[in-house]
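Okay, so here's the structure we're looking at.
For this chain, numbers begin at 1 and follow the sequence in order.
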Amino acid sequence: MVEFDSFINVEKVIEAKDSNYVTKELSFDDKTILNTPYKIFNVSKVKLNKLELPLKGNIIETTKFINNKKSYDALYNLLENSPNNQKSKLNQFFKVDNTFKSYKSIISLTFSKNPFKSNKFTHGHSKPLSFSNFEYLLDYMYEYSTLFVLIPDIDFKSFDSMDNYMEYIEKAVNVVSSFNNKPIFVPLSMKLDNSNLEKLLHFYKENNYSNIWFNFYSNQINTKISIIRYSLRLINRLFKGNAVTYFSNMKKEINKHLDDVYTLPSDFLGPFFGCDFLGSNRESGFPGKNIKRTAKEKREFERKNLINKNRIFDSSSYYYFSILEYPSDLRIKFKVNSTN
């Protein structure tokens, strides 16, 4: 086993008296100093070189969720049948470029099924990846994750046992730890039951994996309150306040509807449950998307869907507002096509 270094020092901790809200001063080996809770910018659907307002100085994250045969096949071809321009093709796959590396950047990768097995999908079976070629993917992610490295999460249910899942985590960490000088975060699925969660966290403690990525798999934070509290209580007991937590892949809003002017946030609940870094969201789409509609009804649904995909968080009220109803001046120009 490669000796593990967290590369994050927890210098100061202040706990709120009436909630689990915690502020920490974190220092990194590259001399970066951050105060938490810290909100990460999601740039999964953003072209960084087209931004009018630069994000220099901020931490950015792009996410990738591999959950169908097409995406498994695409990654297989990139790793097992590597083209001459493999890196540029991986950039296209993750929708990043060299601009991405000029920021404090993170790539988040989640698999719905074990990529080292042949998996059954509606349109056939995927081909299994070899771990040796998966190592190149880890090296690629290390290069493009300039501040943190998130070990790719694989749904633990797709492994034969929890021990096999933990073996995968350890092998992946050992690869990334080679010649490493960046913090590595290990995944903690919010789909775990309490017995497997406890087993996994004890394994993390034994290996000194104190940077922990809470993967919400597109669930609302408020639906996972009990497992979050249980996890953080156990983490605090095991790591004595030296652990650092990263929440991502949360559903952004609580029970949103297309006609709502504003909705309650799900993601911004994270700091009140004790998270240090609040990462990207992952939406599962609006209900009713496949309902049969007339052409006019379909156009109206798509118009509202577009507007609601771009809700704006209002820090004064802690609501997400429709972009057309946002209470303050956005200082941006936009156009929404109306339906006749």
Do [X] and [Y] have their ring centres less than 6.0 Å from each other?
| X | Y | result |
| --- | --- | --- |
| Y144 | F94 | no |
| F159 | F156 | no |
| Y72 | F121 | yes |

Any salt bridge linking [X] with [Y]? Criterion: basic side-chain nitrogen under 4.0 Å from a carboxylate oxygen.
| X | Y | result |
| --- | --- | --- |
| D29 | K182 | no |
| K113 | D155 | no |
| K117 | D160 | yes |
| K87 | E143 | yes |

> Quick one: ring-ring contact (aromatic ring centres under 6.0 Å, His included) partners of Y230, sequence neighbours excluded?
Replying inline: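 Y230 satisfies ring-ring contact (aromatic ring centres under 6.0 Å, His included) with no other residue.
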Min side-chain heavy-atom separation [X]-[Y] under 4.5 Å:
| X | Y | result |
| --- | --- | --- |
| N133 | Y76 | no |
| L26 | N9 | no |
| T146 | Y103 | no |
| M190 | I221 | no |
| I106 | I59 | yes |
| T23 | P37 | yes |

Is the side chain of [X] donor-acceptor paired with the backbone N or O of [Y] at a distance under 3.5 Å, no angle test?
| X | Y | answer |
| --- | --- | --- |
| T36 | Y38 | no |
| S178 | N174 | yes |
| K64 | F93 | yes |
| N67 | F111 | no |
| N85 | S88 | no |
| T245 | I212 | no |
| N196 | L192 | no |
| K205 | L238 | yes |
| E11 | S27 | no |
| T32 | F28 | no |

If you measure only the distance, is there a donor-acceptor pair under 3.5 Å linking the side chains of [X] and [Y]?
| X | Y | value |
| --- | --- | --- |
| S248 | S280 | no |
| S177 | N180 | no |
| D163 | S161 | no |
| N222 | Q220 | yes |
| D97 | N91 | no |
| E61 | S105 | no |

Working to the nearest 0.5 Å, report the span between [atom1] of [X] and [atom2] of [Y].
| X | Y | atom1 | atom2 | answer |
| --- | --- | --- | --- | --- |
| S126 | N119 | OG | CG | 4.0 Å |
| N215 | N249 | CG | CG | 4.5 Å |
| D193 | E198 | CG | CD | 10.5 Å |
| K89 | S82 | NZ | OG | 13.0 Å |
| L147 | L34 | CG | CG | 7.0 Å |

>> Assess the residue pair E25 and I33 against the criterion (side-chain contact (heavy atoms from CB on, under 4.5 Å)); give the C-alpha distance rounded to whole Å, side-chain angles, the decisive distance to 0.1 Å, and a yes or no.
In response: CA-CA 7 Å; E25 183 180 290; I33 297 177; 4.0 Å; yes
> Parallel under 30°, tilted from 30 to 60°, perpendicular over 60°: which one fits the rings of Y209 and Y204?
Replying inline: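 Tilted, since the angle between the ring planes falls between 30° and 60°.
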>> Restricting to salt bridge (Lys or Arg N to Asp or Glu O under 4.0 Å), what partner residues turn up for K127, sequence neighbours left out?
In response: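 Not a single residue meets the salt bridge (Lys or Arg N to Asp or Glu O under 4.0 Å) criterion with K127.
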> Which residues satisfy the salt bridge (Lys or Arg N to Asp or Glu O under 4.0 Å) test with D276, sequence neighbours excluded?
Replying inline: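 Testing D276 for salt bridge (Lys or Arg N to Asp or Glu O under 4.0 Å), a comparison that skips the adjacent residues, returns K24.
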> Should L197 and L201 be marked as a side-chain contact (heavy atoms from CB on, under 4.5 Å) after you check the CA-CA gap, both sets of side-chain angles, and the distance that decides it?
Replying inline: CA-CA 6 Å; L197 186 145; L201 285 176; 3.5 Å; yes
>> Walk me through whether L75 and I66 qualify under side-chain contact (heavy atoms from CB on, under 4.5 Å).
In response: CA-CA 9 Å; L75 187 60; I66 299 181; 3.6 Å; yes
>> I need the single residue from F148, F7, F214, F247 that forms a ring pair (Phe, Tyr, Trp, His ring centres under 6.0 Å) with F185. Which is it?
In response: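 Among the candidates, only F148 passes.
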> Can Y165 and F203 be said to form a side-chain contact (heavy atoms from CB on, under 4.5 Å), step by step?
Replying inline: CA-CA 11 Å; Y165 176 72; F203 167 73; over 6 Å; no
